Amino acid sequence: MTAENNEITPIDGNEHSELRQNHVIAERREKLKSIREQGIAFPNDFKPDALAAKLHAEFSGMENETFDAKPVPVKVAGRMMLKRVMGKASFATIQDNSGRIQLFVGSSNIDEASYEAFKHWDSGDILGATGYLFKTKTGELSVKVTELRLLTKSLRPLPEKFHGLTDQEVKYRQRYVDLMVNEETRATFVARSKVVAAIRNFMLQNEFMEVETPMLHPIPGGASAKPFMTHHNALDMQMFLRIAPELYLKRLVVGGFERVFEMNRNFRNEGLSVRHNPEFTMMEFYAAYTDYHWLMDFTEQCIRAAAIAARGTATLIYDGREVDLSKPFERLTIVGAIQKYAPQYSLSQLNDCAFLRAEILKHGTKPFDHAGLGALQLALFEETAESQLWQPTYIIDYPVEVSPLARASDKNPEITERFELFITGREIANGFSELNDAEDQAARFNAQMKAKEAGDAEAMYYDADFIRALEYGMPPTGGCGIGIDRLVMLITDSPSIRDVILFPHMRAEA
RNA sequence: GGGGCGUUAGCUCAGCUGGUAGAGCAGCGGACUUUUAAUCCGUUUGUCGUGGGUUCGAUCCCCGCACGCCCUACCA
């Protein structure tokens, strides 16, 4: 850059270039400037006494004769979403936490200065209105405004009022805007809140205690996944963001808290997809003296209760297809599911390792050098049957080699008392009778260590303290994790996990 | 990681076989005392994601890159 260029380059700064680029924002900054000059620009002394939705619910049946006979004074506040200025009788629609209500701003009802000021306020501004309820001649319940105040000036314009905000990226990155203008987005997160509350209530009613275990783990455990790594300075210690709370929750069962649950975040340093966010919410629970049969009954009831709390029904529509949570969930073994959904395979083929290996390769899945029969059957299940499990289905009896924390079956030491729950072709929950034999668990950890040394990045670490805990004796216990984000996707008919996470992770903005 | 599609005004989108951009909304000015996507008249706004290439000339054609969405892979 030459000296000449330097001379003509104006002050560089984000604010400055934005002002030059966006005259809409510049205009609003000018308005704010003059508001500041006139007094307190951001007053905090207006206290609304009514919410839009409650006013509609309570007064929409009343007519103007009633309002005339007995006036209903109200103070409402909210963001101005629409404004219709017409000479001396204008309207504005404001939105509060509950919904929207229309303001009638007539020059004969408020002072002239306020009316003139109102004409220059913008969509997105936060207003406080004092007045009386009435009905317009089209029958819409409205507030006849007698006093109108600008509580917060909005410097940025709202998205276009008819089409709204549709850009997925902006919806995710600027969720605050999405929430302002898209009622469906608000509804999704209200539903999520209800699901979480319903699950918490369900657990508490069943005498589970809510606990909080560490998010920072010295040894990541409880799942097969790649962890996020971090470092604690004062302890000069490598730490991991937890991939699952499982091993801590089981320590609590050892300690005598026989029914515990934790609903919180897990972190996995893996790919992102429509079903995967680097941090996701899981509800894990453990109950002493229960087994996986009990867990399946219980999980079913919990999920049903969550759907009813959020939607009022256990019969849902997902992606245009019905999902019925009201009936007992089907239970199939891995082989049984393949036979049902991929009947081209004979039972003898399904017990033939060489055949399975070849068949899995046809589906383009990774090689399985050390995989035994059970793991091969599981892989074929995942390729052929899993995505077809639309109605809620428990798949049971997972092979021991892929279930290092689950109790082996008394009848067959190759399989575990484990299930995964699939709905709409997606895994929603995973549970099992817990392995409480400390010596067996130590052996399983050793096998995982070998797998890790052989290059399996997701294999588990040996957790000596967890073994020590088991050596004190853990009662026979059932434990299960429910993927809350995926459950909310199902209940809110959302196609992407990002639609049910308020601030999904995205690449850094360019 | 692989594949597909996309990126044009603050928002939603047009833009023909290449001649450096338009509409609606929003904004600004005006009219209007029951509108509700108010209406009517006038009017402002763009590094056409980014860097190269081809060309007299590129929003348009070619290549790279960035970002996004979808599919796929790992995974819950």
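A quick note: this is a predicted structure, and the numbers were derived from the prediction, not measured. Sequence lines set the chain letters: A, B, ... in the order given, protein chains first and strands last, and positions in each chain run from 1.
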Q: Going by the rule side-chain hydrogen bond (donor to acceptor under 3.5 Å, both in side chains), which residues pair with A:S154 if we only count those two or more places apart in sequence or in a different chain?
A: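 side-chain hydrogen bond (donor to acceptor under 3.5 Å, both in side chains) check on A:S154 returns A:R28.
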Q: Tell me every residue that passes salt bridge (charged side-chain N to carboxylate O under 4.0 Å, His left out) with A:R275, counting only those two or more places apart in sequence or in another chain.
A: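 Expected list: none.
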Q: Hey, could you give me each pair passing salt bridge (charged side-chain N to carboxylate O under 4.0 Å, His left out) that has a residue in residues 416-430 of chain A? Not counting sequence neighbours.
A: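 Every pair satisfying salt bridge (charged side-chain N to carboxylate O under 4.0 Å, His left out) with a residue in residues 416-430 of chain A: A:R407-A:E417, A:R418-A:E420.
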Q: Any ring-ring contact (aromatic ring centres under 6.0 Å, His included) involving residues 87-117 of chain A? Give me the pairs, sequence neighbours left out, ordered by first then second residue.
A: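 Applying ring-ring contact (aromatic ring centres under 6.0 Å, His included) to every pair that reaches into residues 87-117 of chain A, excluding sequence neighbours, yields A:F91-A:F104, A:F104-A:F134.
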Q: Answer with base, sugar-phosphate or nothing: what part of the nucleic acid does A:N277 contact at a heavy-atom distance below 4.0 Å?
A: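 Here A:N277 touches the bases of the nucleic acid.
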Q: Any N/O pairs under 3.5 Å between the protein and nucleotides 2-8 of chain B? List them or say none.
A:
none

Q: Partners of A:F298 by ring pair (Phe, Tyr, Trp, His ring centres under 6.0 Å), sequence neighbours excluded?
A: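 Residues passing ring pair (Phe, Tyr, Trp, His ring centres under 6.0 Å) with A:F298: A:F202, A:F208, A:F285, A:W294.
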Q: With side-chain hydrogen bond (donor to acceptor under 3.5 Å, both in side chains) as the rule and sequence neighbours excluded, what pairs involving residues 97-109 of chain A come up?
A: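 Matches after skipping sequence neighbours: A:R84-A:Q102, A:Q95-A:R100, A:D96-A:S98, A:Q102-A:S142.
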Q: Can you tell me which stems involve RNA chain B, if a stem is defined as three or more consecutive Watson-Crick or G-U wobble pairs, both distances under 3.5 Å?
A: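 In RNA chain B, stems of three or more pairs: B:1-7 with B:66-72, B:10-13 with B:22-25, B:27-31 with B:39-43, B:49-53 with B:61-65.
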Q: Does A:F261 have any ring pair (Phe, Tyr, Trp, His ring centres under 6.0 Å) partners at least two apart in sequence or in another chain, and if so, which?
A: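 If we apply the ring pair (Phe, Tyr, Trp, His ring centres under 6.0 Å) test to A:F261, skipping adjacent residues, there are no hits.
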Q: Considering only residues two or more places apart or on different chains, which pairs with a residue in residues 124-143 of chain A satisfy salt bridge (charged side-chain N to carboxylate O under 4.0 Å, His left out)?
A: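 Residue pairs passing salt bridge (charged side-chain N to carboxylate O under 4.0 Å, His left out), neighbours aside: A:E63-A:K135, A:D125-A:K153.
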Q: Does A:F445 have any ring pair (Phe, Tyr, Trp, His ring centres under 6.0 Å) partners at least two apart in sequence or in another chain, and if so, which?
A: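 Residues passing ring pair (Phe, Tyr, Trp, His ring centres under 6.0 Å) with A:F445: A:Y462.
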Q: Nucleotides 40-44 of chain B: which of its N/O atoms have a protein N/O under 3.5 Å away?
A:
from	atom 1	to	atom 2	distance (Å)
B:U44	O2	A:H23	NE2	3.3

